[in-house]
**Q** 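The following block contains the structure, expressed as structure tokens.
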Amino acid sequence: MGALRVLMKRSLSTSKPYLTPNHPSLTFAILHQYHNRRNLFLHHSASDFVKFHKLSATDSGIVEVSLDRPGAKNAIGKEMLRGLTRAFEFINQESNVNVAMICSSVPGVFCAGADLKERRNMSQSEVKVFVNSLRSAFLYLEKVCIPTIAVIEGVALGGGLEMALACDIRICGENALMGLPETGLAIIPGAGGTQRLPRLVGNAIAKEIIYTGREINGKEALSLGLVNYFVPAGEAYSKALAVAREINAKGPVAIRMAKRAISEGVDTDMRSGLALEEDCYDQVLNTKDRLEGLAAFAEKRKPKYTGE
């Protein structure tokens with residue numbers, strides 16, 4: 001039936017709960033909502049605007065999702081959304097993928113946001129459906145079970161920044177310009193920006209950024225905690241790959257469980273968070289990788305993890 005149905009089936013029946021997106025907080029209701037919305041835009045043909053590539057050799061386990069719509073500065077329209085949806089499903093359902101980089105193959109731009117030219121031809125109800133679908137897609141991106149890294153060179157505005165906010169780690173070049181300019185169009189950020197930005201930079205800063213719609217350069221983004229790394233222009237990809245390689249060398253189950261423990265625990269109380277941590281630790285306790293890690297430490301060699 002399609003990738004998401006396979007994922008749902010795994011969520012209910014797999015013996016490896018760490019392969020599901022932040023199990024169990026990503027409820028069936030959220031999956032059902034996402035499934036309904038993505039069906040409005042997802043067809044059998046893959047999008048020409050989004051490419052994914054699995055790295056090989058020593059980088060096996062790393063995947064790149066590349067935005068490739070140069071004529072529109074990677075603006076997100078229906079076809080782009082379809083491609084993003086397929087890519088997010090792919091990185092979540094592949095058990096041998098450990099970390100994903102979301103990047104752009106278009107020089108000087110990460111993503112300019114929603115395709116406003118396409119939107120002008122939509123009815124009010126069509127706009128609502130599209131924005132809801134985009135919000136659901138980014139929620140799904142946030143909930144995928146592996147770490148994600150946004151590689152930001154150049155412009156990341158509106159929906160482009162909202163997509164980056166849904167990633168675990170953000171790395172930008174000094175030429176980056178980020179912002180949520182929606183209020184200048186008499187709307188508000190509708191794909192998670194009003195919720196994720198305050199959680200990163202605090203309410204007061206987020207309100208000022210959204211109210212004014214101003215652009216933020218890479219240096220300021222770092223000072224605000226909006227990005228993890230600020231590097232010279234053109235070097236964001238190489239830095240992201242270096243971080244991805246560090247993650248890829250760790251125990252895959254441990255990384256998935258660490259993401260689940262952090263993502264689910266951050267918005268709960270300490271007691272509930274510690275109970276969640278215990279549950280996640282139990283998931284790694286009986287893995288072969290845990291024993292391999294101990295053996296490698298004792299033998300002073302690099303561990304060879306298999307994700308089991």
**Q** Backbone N or O of Leu67 within a donor-acceptor pair of the Ser105 side chain at under 3.5 Å?
**A** yes

**Q** Could you check Arg135 against Val131 for side chain to side chain contact (heavy atoms under 4.5 Å, CB included), going step by step and ending with a plain yes or no?
**A** CA-CA 6 Å; Arg135 185 185 306 113; Val131 173; 3.8 Å; yes

**Q** Under 3.5 Å, side chain of Lys239 to main-chain N/O of Phe230, donor-acceptor pair present?
**A** no

**Q** Looking at every heavy atom in both Asn92 and Cys145, which two are closest together, and how far apart are they?
**A** OD1-N, 2.8 Å

**Q** Give the minimum heavy-atom separation between Gly225 and Leu200, together with the two atoms involved.
**A** O-CD2, 4.2 Å

**Q** Are Met178 and Phe138 co-members of a hydrophobic cluster defined by side-chain heavy atoms under 4.5 Å apart?
**A** yes

**Q** Step by step, would you call Asn98 with Tyr305 a side chain to side chain contact (heavy atoms under 4.5 Å, CB included)?
**A** CA-CA 11 Å; Asn98 301 325; Tyr305 295 126; over 6 Å; no

**Q** So, for Cys167 and Ile102, which heavy atoms are closest and what is the spacing to 0.1 Å?
**A** SG-CG1, 3.8 Å

**Q** So if I apply the side-chain contact (heavy atoms from CB on, under 4.5 Å) rule between Glu153 and each of Val109, Val106, Asn175, which one comes out positive?
**A** Asn175

**Q** Give, for atom CG of Leu177 and atom CD of Glu220, the distance between the pair rounded to the nearest 0.5 Å.
**A** 10.5 Å

**Q** Within this structure, what is the CD1-SG distance for the pair Ile262 and Cys280, rounded to the nearest 0.5 Å?
**A** 9.5 Å

**Q** Taking 4.0 angstrom as the limit, do Arg214 and Glu208 come out as a salt bridge?
**A** yes

**Q** Heavy-atom count check: over 12 atoms from other residues, nucleotides or ligands less than 6.0 Å from Glu299 CD?
**A** yes

**Q** Within this structure, what is the CD1-OG distance for the pair Ile205 and Ser223, rounded to the nearest 0.5 Å?
**A** 8.5 Å

**Q** Give, for atom OG of Ser66 and atom NE2 of His53, the distance between the pair rounded to the nearest 0.5 Å.
**A** 9.0 Å

**Q** Could you tell me if Arg245 and Asn248 have a donor-acceptor pair between their side chains, going purely by distance under 3.5 Å?
**A** no

**Q** Answer yes when Arg69 and Glu79 have at least one side-chain N-carboxylate O distance shorter than 4.0 Å, and no when they do not.
**A** no

**Q** For Met122 and Val127, which heavy atoms make the closest approach, and how far apart are they?
**A** CB-CG2, 3.7 Å

**Q** Minimum heavy-atom separation for Asp168 and Ile146, please, with both atom names.
**A** OD2-O, 3.6 Å

**Q** Would you kindly confirm whether Leu165 and Met163 end up in one hydrophobic cluster when ILVMFWY residues are joined by side chain heavy atoms under 4.5 Å apart?
**A** yes

**Q** Is the side chain of Lys250 donor-acceptor paired with the backbone N or O of Glu246 at a distance under 3.5 Å, no angle test?
**A** yes

**Q** Is it the case that the side chain of Glu118 and the backbone of Lys78 share a donor-acceptor pair, with hydrogens and angles ignored and the cut-off at 3.5 Å?
**A** yes

**Q** Are the charged groups of Glu264 and Arg260 less than 4.0 angstrom apart, N to O?
**A** yes

**Q** Can you find a pair of side-chain heavy atoms, one from Ile255 and one from Val99, that are under 4.5 Å apart?
**A** no

**Q** For the rings on Phe88 and Tyr140, is their centre-to-centre separation under 6.0 Å?
**A** no

**Q** Would you please name every residue forming a side chain to side chain contact (heavy atoms under 4.5 Å, CB included) with Ile210, sequence neighbours left out?
**A** Leu180, Thr183, Pro189, Thr194, Leu197

**Q** Is it the case that over 12 heavy atoms from other parts of the model lie below 6.0 angstrom from the CZ atom of Arg271?
**A** no

**Q** Do Ile76 and Leu116 belong to the same hydrophobic cluster, where Ile, Leu, Val, Met, Phe, Trp and Tyr are linked whenever their side-chain heavy atoms lie under 4.5 Å apart, directly or via other members?
**A** no

**Q** Are Ile216 and Val155 connected, step by step, through hydrophobic side chains (Ile, Leu, Val, Met, Phe, Trp, Tyr) whose heavy atoms are closer than 4.5 Å?
**A** no

**Q** Donor-acceptor pair, Glu292 side chain versus Lys304 backbone, under 3.5 Å?
**A** yes

**Q** Is Thr287 reaching over with its side chain to a backbone N or O of Val284, donor-acceptor style, under 3.5 angstrom?
**A** yes

**Q** Side chains of Arg199 and Val266, heavy atoms from C-beta outward: is any pair under 4.5 Å?
**A** no

**Q** Does Gly307 offer a backbone N or O that forms a donor-acceptor pair with the side chain of Asp289 under 3.5 Å?
**A** yes

**Q** Test of understanding: clusters of I, L, V, M, F, W, Y form through side-chain heavy atoms closer than 4.5 Å, transitively. Do Phe110 and Met101 belong to the same one?
**A** no

**Q** Before you tell me yes or no, could you show the steps for Arg256 and Gln283 under side chain to side chain contact (heavy atoms under 4.5 Å, CB included), namely the whole-Å CA-CA distance, both residues' side-chain angles and the distance that decides it to 0.1 Å?
**A** CA-CA 10 Å; Arg256 292 168 187 254; Gln283 297 295 328; over 6 Å; no

**Q** What residues form a side chain to side chain contact (heavy atoms under 4.5 Å, CB included) with Thr58, not counting sequence neighbours?
**A** none

**Q** Closer than 3.5 angstrom, by distance alone: can the side chain of Arg170 be matched with the main-chain N or O of Leu226 as a donor-acceptor pair?
**A** yes

**Q** Using the side chain to side chain contact (heavy atoms under 4.5 Å, CB included) rule, take Lys259 and Val144 through it: C-alpha gap first, then chi angles, then the decisive distance, then the call.
**A** CA-CA 9 Å; Lys259 176 169 180 174; Val144 298; 3.8 Å; yes

**Q** Quick check: does any side chain N or O of Lys51 sit under 3.5 Å from a backbone N or O of Asp48, one acting as donor and the other as acceptor?
**A** yes

**Q** Closest heavy-atom contact between Thr268 and Gly273?
**A** CG2-N, 3.6 Å

**Q** Do the side chain of Asn217 and the main chain of Glu174 share a donor and acceptor less than 3.5 angstrom apart?
**A** no

**Q** When rounded to the nearest 0.5 angstrom, what distance separates CZ in Arg86 from CD1 in Ile91?
**A** 14.5 Å

**Q** Could you tell me the separation between the CG atom of Leu285 and the CE atom of Met257, rounded to the nearest 0.5 Å?
**A** 13.0 Å

**Q** Please name the residue in the list Ile62, Asn228, Ile171 that meets the side-chain contact (heavy atoms from CB on, under 4.5 Å) test with Ile149.
**A** Ile171

